[in-house]
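In what follows, a structure is listed as structure tokens, so that the remarks can point back to it.
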Amino acid sequence: MRKIVALPVLSADALSSVAYGPEALLAVLVLAGTAGLAYSAPVAGAIVFLMLAVGLSYRQTIRAYPHGGGSYIVATDNLGRVPGLIAAAGLLTDYVLTVAVSVSSGMAAVTSALPGLSDDVVLIGLLVIAVLLAGNLRGVKQAGALFAAPTYAFIIAILSLVAVGLHDAAGRGFEAAPPPAPHAVEGVGLLLVMRAFASGSTAMTGIEAISNAVPAFEPVSWRNARTTLSWMIGLLVTLFAGIIALVHLTGVVPESRETVLSQLAHITFGSGGMYIFIQAATALVLLLAANTAYNDFPRVLYLLARDNHAPRIFLRLGDRLAFSNGIMLLSVAAAVVYAAFDGKTASLIPLYAVGVFLAFTLSQCGMVVHWWRGRERHWRKSLVFNAVGALLSAVVFITAGITKFTEGAWLALLTVALFLLVTTRIRHHYDMVRREVRLHSRLIEIPSRTLPTGPESRKTRARADGTPDGAEGAEGAEGPSEEVLPQGEPRGKGKKGEGEEREETPEEIRHLSVVLVDALHQASMRAMAYAASLQQPVLALHVSPSDEDAERFRESWLLWGDHLPLRIVLSPYRAIVTPLISYIEQLHHQRPDLTITVILPEIVVRHWWHRLLHSPLAGRLRRALRPLPKIVVTTVPFHVDG
């Protein structure tokens, strides 16, 4: 992406947070009345300093991880598995709450302009989440002017609001209007100030997005990413500080029926077209910020599943090349949280701060360890920046956890603890299964080739040496050559009834067994041995995500002995079912006289909850292949103790 596109697309989450961050700060201070509101400027100043410190810290992260360095990757690489999982828990909590908070803030912007919709905010918000789910399942991507426009519109709207508001204040000598005297329900104290600081710090959400997406930038990608991050931090500080300044000058205080931004827009522009533009731009950018989580949440789940900490269904791409399972999980979780808190942003903020700053803290601590170990050029300066960022993020995390514990932070902390327990148990299960299916020399049964013997079998072996068929993705798979298939009548010249399921005696049925081999282990060996024992032609089929993975598998296959014909289908998007179906369809059309038996190794576990961790591939293949005649899908079970 060019910087001019990357800035709005990747900054939508961070910049949109000024729609609720300043208000969250003021909503805590107003509890102490006028005396509490007097602390708004110092607390806002501390948050601005935090923004600058964390922004500088992430500039170092981009330099150290030019291929993308999210909190999970950085923490795992430098601090270990458990801190990495805790960082992932914070990230996933952050993304769920990004959707819930963005939708609730967007609804607040709408109801400020249209108060008649206030009673339906939960229903409308759930419908918005459903629309986001449907759009992302269809493969909607953040790219181009369509997604850049709302962010640029919001930037223009808020900058216009701040500029005109400051101009009006200059006309009266920057004399602050006295705020209405709110009723104080708490006294001013350190605890209140720290709560306000933690709430207002939610205006920093989304700062990590650019460091995650470094490879998406034009070359030199890391340098362009750092420049874009600097622009984002500059805009974020300007918008946040400008809104706080206007609040101080106009005497606006938070109200339950109208947002602070809406009040400022009313005071500055009245109820005309500019007010409508500001409210519409705010609602649109918050919707875009919610959609940002739909890109990042499934990606983190994919990384966890790749490392065996999450079910492997999260590795799978849907038909639209989106991580459909992760998208659906995010939508369900966000909808539950949104509905449980009645779509109120103020109730969601305490949960939000914990997840955001937990991930920030571990990421920056990981960077401190990275610089200390590597001792690269300018490492001392980078280490200081990251250490300051880690310290300040930790202060906010601890403050939010303590001061907002009873307001909902306990739920976020409990979620992190449960996440750590579940992901650790999932990894334990996968490790146990891997140990049980691992090959041992004394356990390997070598099936014999079941193709015809003689000169023709040598010809077959030459064509079945594991060379990929040139498949690129689901639609690119080619069937094997005629030499690989069992000998018989040429295509289209068989006996009457062939290919139409009219065989009446066993002698009339011609077989081909296709064994899906994901890896060479005891389960796949058992499936191949079963296929070979039928004394019918056998073809081994492997689906690989890349040329490198295909080459590694081919080397293992040759080391094993190349005992069966092999075909490798490339599926760069990690889809399995679609390329398999495409390949089997090619086989069927090439030799409609054959009865093709697709044989799948199946891991059988003792507990029902462990079945959720293994892909139900057989059922999906049966449903997809049912329209084709003369296709049989069978499984060969391999039982494990776990």
Side-chain angles (χ1 to χ4, degrees), residues 137 311-321 324-325 328 433 437 471 473-480 485-486 498-503 506 509-519 521 523-534 536-545 564 567-569 571 573-605 608-640:
L137 286 178
R312 287 173 181 158
I313 59 172
F314 295 116
L315 291 171
R316 191 169 66 235
L317 287 166
D319 293 338
R320 300 279 181 163
L321 303 183
S324 305
N325 294 311
M328 288 187 285
V433 170
V437 303
E475 288 74 32
E478 299 177 1
L485 299 175
E498 285 185 336
E500 300 180 12
E501 300 180 313
R502 294 182 182 177
E503 300 93 337
I509 299 178
R510 297 176 183 172
H511 287 278
L512 173 64
S513 296
V514 178
V515 185
L516 179 61
V517 182
D518 63 330
H521 47 59
S524 60
M525 289 294 180
R526 181 179 177 83
M528 288 189 288
Y530 169 79
S533 72
L534 301 178
Q536 299 292 338
V538 178
L539 175 67
L541 183 62
H542 175 73
V543 179
S544 187
L564 293 174
R567 276 294 180 264
I568 297 179
V569 176
S571 178
Y573 300 108
R574 293 187 178 271
I576 294 178
V577 173
T578 303
L580 278 177
I581 293 169
S582 177
Y583 191 90
I584 293 167
E585 284 179 341
Q586 294 277 352
L587 284 176
H588 174 71
H589 292 306
Q590 192 169 345
R591 287 293 297 274
D593 58 305
L594 293 178
T595 294
I596 300 174
T597 301
V598 182
I599 299 176
L600 305 172
E602 180 184 17
I603 302 294
V604 180
V605 293
W608 66 266
W609 56 86
H610 285 156
R611 290 200 295 270
L612 301 175
L613 304 179
H614 298 275
S615 176
L617 189 58
R620 296 173 61 205
L621 274 177
R622 284 192 186 96
R623 289 190 295 272
L625 294 173
R626 190 172 291 130
L628 289 177
K630 305 179 71 171
I631 303 292
V632 179
V633 179
T634 189
T635 58
V636 178
F638 185 90
H639 294 78
V640 296

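Sequence positions, counted from 1, serve as the residue numbers for this chain. Owing to the predicted nature of the structure, the values given are computational and were not obtained by experimental measurement.
Of the options Thr578, Val543, Leu539, a side chain to side chain contact (heavy atoms under 4.5 Å, CB included) to Tyr583 is made by Leu539 and by none of the others. For the pairing with Val514, the side chain to side chain contact (heavy atoms under 4.5 Å, CB included) check across Leu580, Leu600, Leu541 returns one residue only, Leu541.
Here the OG1 atom belonging to Thr635 is positioned 6.0 Å from the CZ atom belonging to Arg622, to the nearest 0.5 angstrom. Here OG1 of Thr595 is found 10.0 Å from NE2 of His588. Values are rounded to the nearest 0.5 Å.
Contacts of Arg312 classified as side chain to side chain donor-acceptor pair (under 3.5 Å), with partners at least two apart in sequence or in another chain: Asn308. Listed by chain and residue number, Val598, Leu625, Ile631 satisfy the side chain to side chain contact (heavy atoms under 4.5 Å, CB included) test with Ile584 (two or more places apart in sequence, or in another chain).
Of all the heavy atoms in Ala523 and Pro601, the pair that sits closest is O-CB, 3.5 Å. Ser524 and Ala519 get closest at one heavy-atom pair: OG-O, 2.7 Å. Counting all heavy atoms, side chain and backbone alike, Lys630 lies closest to Pro592 at NZ-O, 3.5 Å.
Without hydrogens or angle criteria, Ser533 side chain to Tyr530 main chain gives a donor-acceptor distance under 3.5 Å. Checking side-chain atoms of Arg526 against main-chain N and O of Pro637 turns up a donor-acceptor pair under 3.5 Å.
Side chains of His511 and Leu534 form no contact here, defined as non-hydrogen atoms less than 4.5 Å apart. Val433 has its side chain out of reach of His610: every pair of non-hydrogen atoms, C-beta onward, lies at least 4.5 Å apart. Contact annotation: the side chain of Leu594 never approaches that of Leu587 to less than 4.5 Å [non-hydrogen atoms, C-beta and beyond]. Taking 4.5 Å as the limit, some side-chain heavy atom of Val517 sits within range of a side-chain heavy atom of Met528.
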